[in-house]
J.: 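Before anything else, here's the structure in question.
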Amino acid sequence: MTTPVLEARQLIKRFGGLVATDNLSMTVNPGELHAVIGPNGAGKTTLIGQLTGAIRPDGGDIFLHGRRITHMPTFRRSRLGLARSFQITSVFSEMTVLENVALAVQAHSGHSFRFWKPALRDPALREAAEQALDFIGLAPRRDEQVGNLSHGEQRQLEMAMALATKPRILLLDEPMAGMSQEETARMVAILGPLKKSVPILLIEHDMDAVFALADRISVLVYGRIIASGSPDAIRINPEVKAAYLGDDDA
Amino acid sequence: MSMNRATAANMVLIALLLALPPLAGLMDGEFYIILVSRALILAIAAVSLNFILGFGGMVSFGQAAFIGIGAYVVGAGTMHAFEDGIEWLGNGYTQLALTVLFSAVAATVIGAISLRTKGVYFIMITLAFGQMLYFVAVGLEIYGGDDGLSLYQRSEMPGLPDLSDDRVLYYFSLGVLLLFLYLSHRVLHSRFGKVLTGCRLNEQRMAALGFPTYRYRLVAFVIAGVMTGIAGFLLANQTDFISPAMMHWTRSGDLIIMIVLGGIGTVFGPVYGALAFLLLEEFLSGIPVTIAGYRIGEYWQLIFGPVLILIILYARGGIYGFLQPRSNGK
């Protein structure tokens, strides 16, 4: 076995009496897309929060490439290649599309105590940003104010920003939420090949997308993983059916 | 860059400011030189505060403390130069260097602690630090305590025209203001400026992108503190007097009002705000109308308040908002 890219070990997080993460252990391995599904309130976003450093766990450990990062601040995890997208679109509203992505590139191209030269005229930032926009299919909209983008386009932008940081692992918090079918299809087409170079932890409600993309699926209920396995195994798991998938989809 | 309305207005404003002293001289209006000097200096402070408040979203409510630091360096410096014969303390360059040093140290300490808090807490803690320095000044009996101290003379700056000439001080202040405006403009569009803007818009996102946001915000806070300190250096020279009142929290509030009035987050907005603030104050307090035995001018704030409210309600971008349509960004 190779070392997992990202590993959570017996993670615990309580909010008052509520146990949001209950002794949770999981891994994301190289080349893999690991999807986490679960009903609302299962603790999916809390999990992402702990993995990225926004939320401090009460117990357990997190490892990135075998290195313990449990108490490392968010920006340092990002420096080590951990990138995330947000469930609620989280882009810089008063900036253009290109400015948003350029800022993401800037975060990983040395320090920003540079006070004089206009950032947007720096070819190093511009070219990398344009490349990321090309990849995600937003290049024609690069000079648009972010506020004028459709919801789906903003989600794409979010992804382009995550990719522009040259991540070694991606944590995606419901990237398809609110997307049209067409946009979802495009996102699936992007993520499919991407996972080979950048392993992905995907949290998503769109079951078609999850089953199309995932190599492994974990089912989170009340902060605990009740089942983990290949899409086929999860599909027929009776416990999962009862707890989450129900009779309608899957 | 096309010449839009705002740029044109800025050019006209700069031309007017450059032409004011000779024009005022023609019609015996020395008074206007002094009034506008004061406006220019407060504009410098407002531009400095806008650097963190407008660009970086840090509502510092104790910024007047830095005005106080600069002013007390000048006041204390000239006093020791005259009374104790420590002549180098009367030298303007030394005083400027000390202003920069003390402002930077104070801003580092205040910022390092305050920036660990957010929102209302940040406002309250900067206010608390500001008032703390205010009471330190009140307690400094050697410099007149509550009453303050009159300057023996203005800062001596060998090689430059004599600052005790009001016109010289006027142009010196204008020069500093233009320099700070240019610096703000450059920094706003630099990598550092982008980080500062990003922190205002969404700090959590900035951290997730990999920026150590605290560090950048602290450096911005120190830069703004030093710039405001230099405004204090000028203000002491302009009024020939220092007192704790210069650093009272209401002065910090005035600076925030100037920024909001002029156009928050724009490079030039605070200049319009400071000018409008002081001219309104001067004009309104001079209204000679008397109603039922009360001279309206004495209660000028009664009119100033509603004017402020109207501008804030109907001109979201402040005065600068009139000049530049909002949707096209900066």
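A, B, ... follow the sequence lines: proteins, then strands. Residue 1 opens every chain.
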J.: Any luck finding a side-chain donor-acceptor pair between A:R56 and A:T70 under 3.5 Å?
T.: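 On atom types as modelled, these side chains do not qualify, holding no pair under 3.5 Å.
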J.: Heavy-atom distance under 4.5 Å to chain B: side chain of A:S90, backbone, both or neither?
T.: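 A:S90 touches chain B through backbone and side-chain heavy atoms alike.
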J.: Output the option from A:Q106, A:K117, A:R79 having the highest count of non-hydrogen pairs under 4.5 Å with chain B.
T.: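 Max contact count across the listed options: A:Q106.
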J.: Assign the ring pair B:Y182 / A:W116 to parallel, tilted or perpendicular, where the plane angle (0 to 90°) is split at 30° and 60°.
T.: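 The rings of B:Y182 and A:W116 stand perpendicular, inter-plane angle above 60°.
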J.: Between A:D122, A:T165, A:L103, which shows the greatest number of heavy-atom pairs under 4.5 Å with chain B?
T.: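 Sorted descending by pairs with chain B, the first entry is A:L103.
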J.: If only side-chain N and O atoms count, and only distance matters, is there a donor-acceptor pair under 3.5 Å linking A:H65 with A:T3?
T.: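 No.
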J.: Taking side chain as everything from C-beta outward and backbone as N, CA, C, O, which of these in A:A104 sits under 4.5 Å from a heavy atom of chain B? Side chain, backbone, both or neither.
T.: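 Contact with chain B: backbone and side chain both.
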J.: Identify which part of A:R76 has an atom lying under 4.5 Å from any heavy atom of chain B, answering side chain, backbone, both or neither.
T.: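 Side chain only.
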J.: Below 6.0 angstrom between ring centroids: does that apply to B:F61 and B:F122?
T.: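 Between B:F61 and B:F122, the centre distance exceeds or equals 6.0 Å.
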J.: Side chain, backbone, both or neither: which part of A:F115 has a heavy atom under 4.5 Å from chain B?
T.: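 Interface part for A:F115: both.
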J.: Report which part of B:V219 has an atom under 4.5 Å of a heavy atom belonging to chain A: side chain, backbone, both, or neither.
T.: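 Just the side chain, heavy atoms under 4.5 Å.
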J.: Return the option, out of A:A54, A:P73, A:S109, A:A102, with the maximum number of heavy-atom pairs under 4.5 Å with chain B.
T.: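 Most heavy-atom pairs under 4.5 Å with chain B: A:S109.
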J.: Does B:R116 qualify as a cation-pi partner of B:Y214, given the criterion of NZ or CZ under 6.0 Å from the six-membered ring centre and within 45 degrees of its axis?
T.: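 Relative to the ring axis of B:Y214, which defines the angle, B:R116 lies inside both limits.
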J.: When you measure from the centre of the six-membered ring of A:F86, is the NZ or CZ of B:R205 under 6.0 Å away and within 45° of the axis?
T.: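 Negative - B:R205 is either too far from the ring of A:F86 or too far off its axis.
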J.: Considering only heavy atoms, which portion of A:N148 lies under 4.5 Å from any heavy atom of chain B: side chain, backbone, both, or neither?
T.: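 Contact with chain B: none, neither part.
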J.: Examine the side chains of A:S78 and A:H108 and answer whether a donor and an acceptor come within less than 3.5 Å of each other.
T.: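 Yes - a donor-acceptor pair under 3.5 Å links their side chains.
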